[in-house]
Amino acid sequence: MFDTILIANRGEIACRVIKTAQSMGLRCVAVYSDADAKAAHVAMADRAVHLGGARPADSYLRGDAIIEAALATGAQAIHPGYGFLSENPDFVDAVEAAGLVFIGPSAKAIRAMGLKDAAKALMEKAGVPIVPGYMGDNQDPAHLQAQADAIGYPVLIKAVAGGGGKGMRLVEHARDFADALASAQGEASTAFGNSAVLIEKYIEQPRHIEVQVFGDGTKAVHLFERDCSLQRRHQKVIEEAPAPGMTDEMRAAMGQAAVRAAEAIGYKGAGTVEFIVDGSQGLRPDGFWFMEMNTRLQVEHPVTEAITGVDLVEWQLRVAAGESLPCAQEDLTISGHAFEARLYAEDVPAGFLPATGTLSRLAFPEGARIDSGVREGDTISPWYDPMIAKVITHGPTRAVALARLGAALAGTQVAGSVTNLEFLGALTRHTGFRAGEVDTGLIARDIDALTATEPVTSLQVASAAMAAFDPGDEALAGFTLWAPLTQALEVVQGDDRYAVRISRAGAGWQVALGDETLQAERRAGAWWINGARAPEAVRTGRDSVSVFGARTLHFTIPDPLSVAEVAGAGAGVVLAPMPGLVKAVFVSAGDMVEKGARLAILEAMKMEHTLSAGRDGTVAEILAQAGDQVEAGAALIALEDE
Ligand code: ADP
Ligand code: ADP
Ligand code: MG
């Protein structure tokens with residue numbers, strides 16, 4: 001076994017790998033960018049080496065600097081985590097050329113699976129069922145259109161080098177093909193430097209079921225399946241294992257196909273074979289097709305660990321150190337059911353817009369496995385994936401594991417950024433999901449119900465007001481000197497402003513809200529309102545308060561002295577909705593635009609966002625150029641006054 005390894009990654013996966021490696025007695029070397037000098041993975045590691053600037057290209061993607069760091073710190077092996085260099089065969093070659101071990105598959109295996117078209121061709125040869133489609137070299141748009149017509153709509157255009165849902169377009173009608181092709185190719189060439197695409201039959205009511213495999217370079221086993229059908233924009237939201245409704249017969253067929261795939265390329269280490277499954281007629285052994293293989297540890301690997309009791313990182317380290325497969329297929333069994341929810345800093349109602357912020361509050365309840373790379377006080381920066389944590393629960397049955405997930409989410413407290421916490425909670429209560437009826441369209445279909453919000457209650461407003469007012473425990477005595485004293489304040493939640501008047505009432509306080517009056521008192525460090533324990537409210541900034549519970553509410557407390565927002569700025573100025581990179585500006589000063597016209601593209605955290613005109617008008621001024629890195633709220637384009 002190695003005595004020192006370097007983890008060429010950041011965030012939760014770096015922490016996850018370090019945890020197991022340290023428990024096995026290994027020393028861990030972290031690497032970090034300027035943005036991550038104080039990050040959790042650096043704090044956990046035994047040593048840390050600075051790589052460079054915040055941009056991945058200046059740090060986590062610098063294979064040469066990473067290898068140098070490994071050599072300088074005496075590490076014998078490099079664990080790549082996921083993302084970044086994990087599926088880069090040139091990096092594997094360089095690691096091995098430096099005399100180090102890459103904890104993962106061979107460069108050859110990664111190359112074989114790196115491009116979706118070549119991988120599909122290889123799998124077809126190995127007898128693994130593949131999605132019907134076109135995966136040829138001819139990339140002429142007319143030829144591709146003819147192929148799509150022949151396959152029959154709907155079809156899916158995919159970047160052959162794609163990942164993370166990028167470069168993918170669903171085309172429902174022949175007339176939309178040319179536009180979709182152009183945009184998929186554009187996204188693919190910026191994201192992957194390769195504009196080639198393939199075309200697949202779009203499976204209706206699809207389920208995403210993947211099989212965890214593990215190889216030692218010769219033989220492979222599978223660790224059963226995960227269902228990742230709960231997706232938004234082709235990205236996973238909640239994963240589970242095993243798949244609901246799975247039969248022994250289909251599990252055996254999928255497991256064998258996945259093992260065939262792994263053995264066909266002499267796979268070493270942890271990998272995932274992703275299948276698309278036709279869910280329209282129940283699960284059938286002839287109703288699954290190979291989509292792609294991810295030649296790395298997957299984000300959702302903890303659900304497999306929960307049901308099998310295997311520590312996949314331990315297996316990775318042992319096999320990389322030269323051991324053969326830690327156990328045989330017959331030794332692997334499924335115990336119970338597990339879920340993982342991905343908690344992200346993102347604005348769900350705004351279309352899952354990635355968000356940033358400093359986590360003024362981050363707390364998790366007991367009873368769940370939490371894999372996270374951030375702590376309270378840390379910042380979700382615009383540079384990397386905005387995942388805050390993975391919340392993982394296990395139980396003897398699916399219903400119990402799901403109930404535990406719901407409870408774990410309800411007990412999770414995050415402030416300092418908008419998150420998808422409430423949305424995840426709503427998903428755990430979704431009737432179809434609870435019944436195990438999942439498909440990749442579920443979220444999009446029911447998005448309105450999943451994001452519907454209950455009205456804010458006076459209890460929540462009063463809790464926010466008391467936290468904002470915050471007389472503290474000791475201040476009480478002093479306060480009575482000026483009694484009766486009434487403090488008026490305003491708390492704002494979304495578009496709603498609440499005027500609150502707080503005054504002394506005996507040992508407690510009276511909170512007047514519209515024509516309602518509530519009684520608040522402090523008991524053992526907590527607020528009780530009208531005799532019941534109030535939802536926990538925490539002051540999370542100079543002018544902000546968060547109220548937690550099944551629903552988290554963030555209130556702002558406007559400073560009555562500061563002047564309100566610039567009047568009328570609204571639709572006349574296009575602002576950056578989040579920090580990001582301006583990819584393109586489509587208009588110039590003097591252009592007439594119509595409401596909804598596409599003005600610019602902002603790229604932030606894996607996604608491109610189109611910014612459009614809020615009203616008809618004439619462009620007055622362009623305030624940002626393509627290539628500019630901008631802050632949230634930066635003015636990008638101004639329209640002339642109406
Ligand atoms: P999973 O199937 O495990 O969810 P994803 O494809 O969503 O995998 O990606 C896992 C991680 O790897 C994400 O954090 C994502 O940011 C990163 N990632 C995946 N593909 C790419 C890519 N092509 N370029 C950069 N990062 C990627
Ligand atoms: P990526 O490399 O971006 O992860 P995948 O090929 O794994 O791309 O596909 C991502 C998701 O897109 C799948 O999980 C599934 O939801 C959907 N998808 C992919 N192929 C098809 C298909 N042929 N029909 C329907 N949905 C598909
Ligand atoms: Mg995939």
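Everything numeric here is computed off the predicted structure, so don't read it as measured data. Residue numbers start at 1 and run along the sequence shown. Order of listing sets the numbers, starting from 1, for every ligand and every atom in it.
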Q. Glu274: which N/O/S atom is nearest the Mg ion (ligand 3)?
A. OE1
Q) For ligand 2, is there an N or O atom under 3.5 Å from any N or O atom of Gly165? A) yes
**Q.** Donor-acceptor side-chain pairing of Ser183 and Arg169 below 3.5 angstrom
**A.** yes
(Q) For a quick check under 3.5 Å, do Asp36 and Tyr60 share a side-chain donor-acceptor pair by atom type? (A) yes
(Q) Taking Leu353's backbone N and O only, do any of them form a donor-acceptor pair with Asp347's side chain (distance below 3.5 Å, no angle check)? (A) no
**Q.** Among Tyr202, Phe290, Phe275, closest by any non-hydrogen atom to atom 25 (C) of ligand 2
**A.** Tyr202
Q) Would you say Glu200 has any N or O atom under 3.5 Å from an N or O of ligand 2, going by distance alone? A) yes
**Q.** Lys236 touching ligand 2 at heavy-atom level, < 4.0 angstrom
**A.** no
**Q.** Gly162 neighbourhood, listing ligand 2 atoms whose heavy-atom distance to it stays under 4.0 Å
**A.** 2 (O)
Q. Does any N or O atom in His234 lie less than 3.5 angstrom from one in ligand 2, N or O only?
A. yes
Q.
Heavy-atom distances under 4.0 Å decide this one: backbone, side chain, both or neither, for Leu156 against ligand 2?
A. side chain
Q | Option passing side chain to side chain donor-acceptor pair (under 3.5 Å) with Glu239 (candidates His208, Lys390, Arg342) | A | Arg342
Q.
As a test of reading the structure, name the N/O/S atom of Glu292 that is nearest the Mg ion (ligand 3).
A. OE2
Q: Provide the number and element of each atom of ligand 2 under 4.0 Å from a heavy atom of His208.
A: 13 (C), 14 (O)
Q.
Less than 4.0 Å is my threshold; does some heavy atom of Lys201 fall inside it relative to ligand 2?
A. yes
Q.
Would you say that Ile157 contacts Met168 through its side chain, given a criterion of any heavy-atom pair below 4.5 Å between the two side chains?
A. no
Q: Nearest heavy atom to atom 7 (O) of ligand 2 wins, so pick from Glu292, Glu210, Met168.
A: Glu292
Q | Heavy-atom donor-acceptor pair, Asn420 side chain to Val348 backbone, under 3.5 Å | A | no
Q: Measure the spacing between CD1 of Ile66 and CG of Leu61 and express it to the nearest 0.5 Å.
A: 7.5 Å
(Q) Quick one: does any side-chain atom of Arg226 pair with a main-chain N or O of Ala243 as donor and acceptor, under 3.5 Å? (A) no
